[in-house]
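Notes follow once the structure below has been shown.
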Amino acid sequence: MSVVVSVEDISKAYQLGVFNTGSFSSDLLRWWALKRGKEDPFLKIGETNDRSSKGKGNIVWSLKDISFQIEQGDSVGIIGRNGAGKSTLLKILSQVTHPTSGRIKIKGKVASLLEVGTGFHPELTGRENIFLNGAILGMSNHEIKSKFDEIVAFSGVERYIDTPVKRYSSGMYVRLAFAVAAHLESDILIVDEVLAVGDADFQKKCIGKMNSLGRSEGRTIIFVSHHMPSIKGLCKNTVFMERGKIHSIGETADTISTYLSAYSATKTGDGYLKEGTSISGTGEIRFTRFLPTKDGRGCEEFFFGERPFLLIEIEAFTSVSDAAIGLHIVSVFGETVTMIAPNENYKPTSIEKGKHQFKVLIDEVLMPGEYSFNISISKYNTGGDIDFVESVGTIRILRDSAQHALDYPWATVYGYFKPRSQWETKRI
């Protein structure tokens with residue numbers, strides 16, 4: 001296969017606050033450098049785009065030294081936390097913006113779906129916007145007409161096709177925009193997280209269409225998403241971005257595993273949590289420790305058939321009479337396998353002020369694979385979060401030659417289930 005996308009040392013800097021340099025002579029030097037295709041002399045120093053800490057300067061590198069290649073017909077995923085630089089990279093590939101340094105080489109026409117409404121004129125009807133987008137992609141009027149009925153049928157907005165798109169809901173916008181991008185004759189399709197706006201059925205329909213484009217028509221797909229099952233289902237290879245740089249590139253399953261493991265909340269082997277690991281909550285109670293154990297020691301690997309013990313510690317700054325604790329077990333692809341709680345039917349637990357420890361035995365067999373955990377505590381009556389920590393820890397279930405999946409009748413059951421669990425609680 002030939003290389004259709006080549007990215008060579010791409011960097012993108014943004015200046016915060018005032019956009020000029022502060023003097024006419026410096027502005028002139030900047031203009032002259034850019035005119036000659038040189039680097040901006042005032043953007044040679046800057047900071048990594050780390051949204052978790054306050055910076056000292058006013059120049060931020062959204063991307064720094066990004067390099068990779070994509071071959072024709074490949075479906076490539078791009079994953080990473082918010083602020084990692086994924087959308088900036090797609091904008092550069094779509095030529096919406098230009099890199100500060102480096103260069104890209106693209107062979108063929110590019111169709112992009114970067115955000116809701118990209119490329120649509122709000123005053124024009126759906127019909128007119130289809131022809132407008134086709135013309136932008138360099139297609140003739142005849143080519144657009146030949147695809148028109150197929151686009152409208154896929155989008156499901158036939159009844160409103162002659163209505164100005166400014167009156168469309170965000171879901172209708174995305175339906176039509178994706179249908180246009182997927183059906184018009186482009187060689188490369190770039191899709192950002194916008195599919196999350198659509199309903200579940202439409203998302204499945206879009207993933208199926210992109211699979212068809214890649215396998216049957218040989219188109220190249222570049223797909224950004226936080227939904228790991230979609231990335232796994234579509235993409236053979238995936239790029240993991242972190243703070244504007246490439247953390248790793250490889251087969252999708254391996255890259256997703258690396259991504260999920262990279263944000264484990266524990267800071268040491270004893271399981272004590274870093275400050276600021278909570279995603280949300282009022283804070284009357286905080287999780288302070290999470291540690292999978294075997295034989296009383298920290299352990300992340302268990303053979304198939306073994307039942308992991310989890311050590312969870314919390315600190316209550318005030319007494320809470322209706323606390324609901326939940327432990328989510330999440331697959332390597334980001335799907336919740338199940339949720340367990342201290343008592344049947346997730347009834348509330350009374351927690352007094354002070355430090356408490358829970359020893360949790362997962363009294364059920366997990367299939368071989370890798371799992372991460374989300375832990376939460378909330379008000380039972382109101383449902384409001386008190387504390388929530390994502391990817392607090394991971395375990396791996398290994399196959400043992402002496403134990404086989406068929407030995408366990410429940411091992412063939414997939415999807416959401418409620419396992420048995422035993423909880424021991426004590427003050428510490």
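Values reported hereafter were calculated over all heavy atoms of this structure, with side chains retained and with hydrogens, waters and symmetry mates removed.
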Quick one about Ser62 and Thr88 (side-chain donor to acceptor, distance below 3.5 Å, no hydrogens or angles considered), yes or no? yes
Between Phe373 and Phe290, what is the ring plane arrangement, given parallel below 30°, perpendicular above 60°, and tilted in between? tilted
Work out which heavy atom in Asp65 is nearest to a heavy atom in Ser11; give both atom names and the distance. N-OG, 2.9 Å
Run the salt-bridge test on Glu424 and Lys359 with the 4.0 Å N-O cut-off and return the result as yes or no. no
Would a 4.5 Å heavy-atom cut-off, applied to side chains only, mark Ser75 and Met210 as touching? no
Is the side chain of Arg219 donor-acceptor paired with the backbone N or O of Ala182 at a distance under 3.5 Å, no angle test? yes
Atom NZ in Lys64, atom OG in Ser101: separation rounded to 0.5 Å? 6.5 Å
With distance as the sole test, does His356 use its side chain to make a donor-acceptor pair with the main-chain N or O of Glu352 at under 3.5 Å? yes
Do Ile351 and Ile325 have side chains that approach each other closer than 4.5 Å (heavy atoms only, starting at C-beta)? yes
Close side-chain approach of Ile340 to Ile362, heavy-atom, < 4.5 Å: yes
More than 12 foreign heavy atoms under 6.0 Å from CZ of Arg159: is that the case here? no
Between Val239 and Leu89, is there a side-chain heavy-atom distance shorter than 4.5 Å? no
Side-chain donor-acceptor pair present, Ser94, Ser112, cut-off under 3.5 Å: yes
Please find the pair of heavy atoms, one from Cys299 and one from Glu301, that lie closest to each other, and give the distance. SG-O, 3.0 Å
Stepwise side chain to side chain contact (heavy atoms under 4.5 Å, CB included) test for Leu176 and Ile161: CA-CA 9 Å; Leu176 185 60; Ile161 197 66; 4.3 Å; yes
Is the side chain of Thr252 donor-acceptor paired with the backbone N or O of Lys236 at a distance under 3.5 Å, no angle test? yes
What I want to check is whether the side chains of Trp423 and Thr425 have a donor and an acceptor closer together than 3.5 Å. no
Any side-chain heavy-atom pair of Leu90 and Ile78 under 4.5 Å: yes
I need the minimum non-hydrogen distance between Lys86 and Val224, along with the two atoms involved. CE-CG1, 3.8 Å
Are more than 12 heavy atoms, taken from residues, nucleotides or ligands other than Glu143, located less than 6.0 Å from that residue's CD atom? yes
Answer yes or no: is there a donor N or O on one side and an acceptor on the other, between the side chain of Tyr371 and the main chain of Ile397, under 3.5 Å? no
Heavy atoms of other groups near Lys109 NZ, more than 12 under 6.0 Å: yes
I want to check something: taking the side chain as every heavy atom from C-beta on, are Ile249 and Phe68 in contact at a cut-off of under 4.5 Å? yes
Apply side chain to side chain contact (heavy atoms under 4.5 Å, CB included) to Leu234 and Asn211, showing your working. CA-CA 6 Å; Leu234 176 65; Asn211 263 318; 3.6 Å; yes
To the nearest 0.5 Å, tell me how far Leu291 CG sits from Leu311 CG. 6.0 Å
Test your reading of the model: is there a side-chain donor-acceptor pair from Lys205 to the backbone of Phe154, 3.5 Å cut-off? yes
The reported gap from CD1 in Ile207 to OG in Ser225 (rounded to nearest 0.5 angstrom) is 7.0 Å
State whether the side chain of Asp74 and the backbone N or O of Thr220 hold a donor-acceptor pair below 3.5 Å, judged by distance alone. no
Which pair of non-hydrogen atoms, one from Pro99 and one from Gly102, has the smallest distance, and what is that distance? CG-O, 4.0 Å
Decide side chain to side chain contact (heavy atoms under 4.5 Å, CB included) for Leu273 and Thr288; before the verdict, give the C-alpha distance in whole Å, the side-chain angles of both, and the deciding distance to 0.1 Å. CA-CA 5 Å; Leu273 305 188; Thr288 57; 5.7 Å; no
Grab the two heavy atoms, one from Pro308 and one from Ile395, that are nearest each other, plus how far apart they are. CG-CD1, 4.0 Å
What's the verdict on side chain to side chain contact (heavy atoms under 4.5 Å, CB included) for Leu63 and Met241, showing C-alpha distance, side-chain angles and the deciding distance? CA-CA 10 Å; Leu63 298 175; Met241 295 186 64; 3.5 Å; yes
Begin with the C-alpha distance, continue with both residues' side-chain angles, and end with the deciding distance and a verdict on salt bridge (Lys or Arg N to Asp or Glu O under 4.0 Å) for Arg103 and Glu8. CA-CA 5 Å; Arg103 61 178 182 172; Glu8 302 174 8; 2.8 Å; yes
Can you name the one residue among Lys353, Arg286, Glu284 that meets side chain to side chain contact (heavy atoms under 4.5 Å, CB included) with Phe317? Arg286
Rounded at 0.5 Å granularity, tell me how far CG in Leu132 sits from NE2 in His121. 8.5 Å
Can you tell me how far the CG atom of Leu124 sits from the CD1 atom of Ile130, to the nearest 0.5 Å? 11.5 Å
Indicate yes or no: at least one non-hydrogen side-chain atom of Arg127 is less than 4.5 angstrom from one of Phe148. yes
Would the distance check show the side chain of Thr255 and the main-chain N or O of Phe240 forming a donor-acceptor pair, the cut-off being under 3.5 Å? no
Judged by atom type as modelled, is there a donor-acceptor pair below 3.5 Å linking the side chain of Lys12 to the main-chain atoms of His98? yes
Taking the side chain as every heavy atom from C-beta outward, state whether Thr349 and Tyr380 have any atom pair closer than 4.5 Å. no
To the nearest 0.5 Å, tell me how far Ile285 CD1 sits from Asp387 CG. 8.5 Å
Strictly by modelled atom types, are Ser67 and Asp9 linked by a side-chain donor-acceptor pair under 3.5 Å? yes
Backbone N/O of Phe302 and side chain of Lys294: donor-acceptor pair under 3.5 Å: no
Between the main-chain N or O of Leu189 and the side-chain N or O of Ser186, is there a donor-acceptor pair closer than 3.5 Å? no
What heavy-atom pair brings Ile188 and Lys107 nearest, and what distance separates the two atoms? CD1-O, 3.8 Å
